[in-house]
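These notes concern the structure reproduced below.
Naming convention: chains lettered A, B, ... in sequence-line order (proteins, then strands); numbering from 1 in each chain. Note that the structure is predicted; figures quoted are calculated from it, not measured. Because only heavy atoms are used, hydrogens play no part in the values below, and waters and symmetry mates are left out as well, while side chains stay in.
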Amino acid sequence: MLKIMRYTLSDLLRSRWVVIYLSFFLLLTLSLLSLSGDVSQVVISLMNIILILCPLVAVMFGVMFFYNSREFTELLLAQPLRRTDIFFGQYLGLALSLSASLVIGVGLPFLIYGLFASAEVWNFMVLIVIGVALTFIFSGLAFYLALCNDNRIRGFGLAILLWLFFAIIYDGIFLLSLIVLRDYPLEHYAMAMTILNPIDLARILILLKLDISALMGYTGAVFHKFLGSLAGSILAFLALALWVVLPVWRIRWRALRKDF
Amino acid sequence: MKLSTALVTCVIILSGLTASRATTLTVCTTCPATTIRAAIAQAAAGDTVLVRAGFYQEGNLVIDKPLTLRGIGYPVVDGQLTEETFTIAADDVTLEGFKIQNAGHNQLKDLAAIRVQRKKGYIIRNNLIINSFFGIYLEYSGQGLVIGNTISGQATNEMSAGNAIHAWYTKEVVIRDNLLQGHRDGIYLEFVTHSTIHDNRSTGNIRYGLHYMFSNDDAYFCNTFDHNGAGVAVMFSKRITMTDNVFEYNWGRAAYGLLLKEINDADILRNRFTHNTMGICLEGTTRIRYTDNTFSGNGWALQLSGGCDDNVFTRNNFLNNALDLVVNGRLNNNLFAHNYWREYSGYDLDRDGIGDVPYRPVKLFSHILTLAPEAIVLLRSLFTDLLNFSEKVNPLYTPNNILDNQPLMQLIPHD
Amino acid sequence: MIDIQNLHKSYGKLAVLRGIDLNLSQTGQISAILGPNGSGKTTLIKSILGLVIPDQGDIRMDGQTIKGQWAYRHHISYLPQIARFPENLTVTELLAMIKDLRSGPTDDDALIQLFGLGPHLQKRLGDLSGGTKQKVNLVIAFMYDSPVIILDEPTSGLDPVAMIHLRELLQRARQQGKIILLSTHIMSFVDEMADEVVFLLEGAIRFRGTLVQLKTQYQEDNVERAIANILQGESPILA
């Protein structure tokens with residue numbers, strides 16, 4: 001598995017798209033840092049972009065990578081290797097190459113500006129960890145989608161739909177349901193809905209770190225109790241970890257059954 | 001001419017007489033007076049009682065004549081949690097330099113470390129008041145000065161805590177340079193008029209840093225209110241002037257920088273609101289001028305609830321607040337002009353420093369929040385950004401009467 | 001050595017293999033799987049490699065079932081139909097990767113020389129022409145000394161010189177006593193190289209026998225015509 005991961009990584013790190021992705025983050029972070037002296041504002045701007053872009057790039061790049069390497073995957077499958085090793089290796093290589101772009105693209109400018117000594121470093125770390133988690137979750141989901149669909153057009157379509165769903169549609173339905181059901185106590189429902197969408201979960205975790213927990217708490221005791229406490233944060237991180245595991249589990253399930 | 005000379009001479013002689021009669025008594029373990037109570041009893045009006053450093057287990061000390069009680073090296077007066085320590089029961093008493101601890105806690109009797117009852121001309125200065133129920137309790141007592149005291153409590157909930165400084169039916173009091181912490185309210189004023197509160201720091205109080213009830217014609221300025229349940233609450237009061245204060249980190253569930261309820265004709269000038277859950281919460285406020293304030297990093301900068309009429313907001317900075325303005329209910333005649341909104345993205349073609357398109361400080365998302373507060377979990381999500389954007393392009397739901405028609409292009413430099 | 005029993009596979013409603021029984025145990029023999037498009041050639045090959053999981057039936061290699069196994073593939077070399085590799089790796093890196101993943105002695109240097117790949121070794125695989133990629137594909141398939149070689153359309157995209165080398169490699173493998181299974185559309189290649197023919201039609205084996213048997217049964221001296229006869233449904237003339 002680690003060998004496949006290493007070769008996938010060394011292939012992808014040289015791919016045009018990964019380089020473009022890396023340069024995008026580099027330019028973006030550099031320009032944000034040079035335009036605004038307020039680091040927490042930069043972290044918020046980055047948050048908005050990471051929450052949208054990481055999942056989008058991960059799903060698109062994920063299906064693209066899978067379909068492009070399909071024939072080579074067949075060659076690998078004909079070698080004396082475990083199926084799961086091949087797919088986990090490829091998945092890890094994919095997710096790590098995208099994560100590396102994010103970490104370097106955002107981290108390097110922070111390093112250049114000497115911000116690792118500042119108090120913002122923890123906010124920054126949380127941002128990075130969550131960006132990486134989103135990359136793993138969505139490249140895993142994309143990988144799974146591609147495994148389930150041999151038709152590329154369909155695979156790409158579903159990948160875009162998946163992103164649209166979690167980035168926008170879900171929140172739209174969520175918000176609408178909150179308005180329609182506003183006469184009922186909705187706090188537990190709202191918490192559950194947040195945990196069920198990895199992008200929402202990631203956003204809330206970053207906002208918590210940026211100390212908006214009180215803001216959340218203002219609306220209700222449950223938010224306050226859940227989000228304000230250490231246990232709540234740990235639970236939320238655990239939920240995010242579950243989201244990372246879920247596609248891996250599905251990939252394994254599908255990979256063991258699929259015909260090539 | 002002659003008459004006046006005679007008068008002056010007379011006054012000099014008289015004052016000389018009293019001065020010569022005033023004596024200084026000293027209290028210490030080896031002094032003639034070993035207790036403060038004994039010294040007060042011995043002293044005559046106008047005398048000074050010096051209390052040397054030491055531990056005095058005394059309570060119910062009633063100062064019933066105009067004396068100066070002065071602690072040297074912070075003598076400790078311990079009320080042992082049962083009794084009130086000092087009661088000022090005469091005009092023109094000065095009480096300074098004591099460390100007063102463990103005054104009695106009693107929720108029925110509102111016990112205090114220092115109580116002033118129906119007297120004036122008092123000076124309470126540079127005392128350390130620790131673990132008392134109420135710190136300084138002024139009732140029907142005007143024309144006094146409370147200065148330089150540190151009052152620290154260990155309050156854990158609103159019900160079982162008193163206020164650090166509590167004033168009731170009092171006028172012309174000056175409260176300045178005090179540090180107030182760990183009580184229910186830092187300063188509580190009820191039926192207090194023509195009084196001035198300045199240069200205090202009120203921090204870590206359970207309810208409010210400063211609390212006005214039914215009080216008119218007061219001013220507070222240059223104070224810092226941080227980490228309180230709410231920085232300042234002004235309720236049912238008129239003509240309060242609030243200038244140059246700092247409201248920060250009043251951060252938590254139901255926390256405000258400044259809470260205004262049923263007040264009118266106030267001026268709120270040059271204050272700084274930073275990192276509060278809600279910068280200012282307004283309910284039923286009328287004819288209030290908000291000028292040159294800066295709101296930054298708050299959850300909500302301003303929330304206007306029903307019955308807020310004829311308020312004027314000019315030359316304020318709104319920076320990096322999660323939401324600048326939330327409006328609940330119908331409002332009339334409030335004016336926003338010449339404010340700087342960081343989120344404003346208009347243009348200024350004629351280069352007069354004023355944006356050419358109006359700014360709408362109420363976002364659609366703020367509007368939704370008033371319908372379904374739980375929607376706050378969707379703060380800063382792509383969907384709400386899209387909603388806000390579409391509303392900005394084509395306003396349908398946000399109130400039409402809340403607009404800044406002359407938004408400024410540049411931050412207003414304050415300080 | 002490879003024993004296939006009652007193999008069934010369908011994709012949805014489409015039955016691709018319907019009860020294949022095939023035993024490949026004769027060493028030093030080249031078996032050609034023939035059949036029209038969609039007859040199940042590739043599915044059969046992929047079933048042996050474990051790429052396709054059969055619905056029913058069993059495949060045994062050296063007496064052991066291959067179901068859920070992977071180590072048996074140490075004994076098989078495979079040439080896939082389409083040669084596509086990670087675009088950003090060089091030829092050298094790709095070969096190093098395969099060698100790293102599948103340990104054991106290799107003779108890739110001789111093969112590189114044989115196919116004249118020397119000048120391409122440091123190029124990105126994404127920059128290579130289709131023919132060159134097929135040569136790289138052949139190097140990977142032949143560099144291990146495994147007892148079974150499975151080739152899916154080995155002749156596609158090869159220039160005449162490379163074809164000659166491929167024939168040499170197959171001859172040598174036959175001499176070394178390997179079991180060789182290949183699928184192809186080029187009948188002259190079959191005529192020239194194969195020892196026996198397995199003809200698939202609609203997921204079942206319609207004919208299995210040596211080239212001589214094929215030609216005599218259908219009374220043709222050329223494989224192409226003989227195959228055409230099978231397709232036209234003429235029953236074999238029994239000699």
Region of B:L323 that comes under 4.5 Å of a non-hydrogen atom in chain A: neither
Heavy-atom proximity to chain A below 4.5 Å, by part of B:I368: side chain
Point-to-point distance, once rounded to the nearest 0.5 Å, from OH of A:Y170 to CG of B:L378: 9.5 Å
From CG (B:L382) to CD1 (A:I199), nearest 0.5 Å: 8.5 Å
Where at least one partner belongs to residues 366-393 of chain B, residue pairs that pass ring-ring contact (aromatic ring centres under 6.0 Å, His included), sequence neighbours excluded: none
Among the listed options A:I52, A:T194, A:I169, A:D171, the residue most often paired with chain B at heavy-atom distances under 4.5 Å: A:D171
Validation row: A:D200, B:V377 side chains within 4.5 angstrom (heavy atoms): no
Structural part of A:L175 lying under 4.5 Å from a heavy atom of chain B: both
Nearest heavy atoms of B:R380 and A:M47, plus distance in Å: CD-CE, 3.6 Å
Considering heavy atoms only, which positions within [range] lie below 4.5 Å of chain B?
range	result
residues 177-185 of chain A	A:L178, A:I179, A:R182
residues 55-65 of chain A	none
residues 127-137 of chain A	none

Within 6.0 Å of CG in B:L349, more than 12 heavy atoms from elsewhere: yes
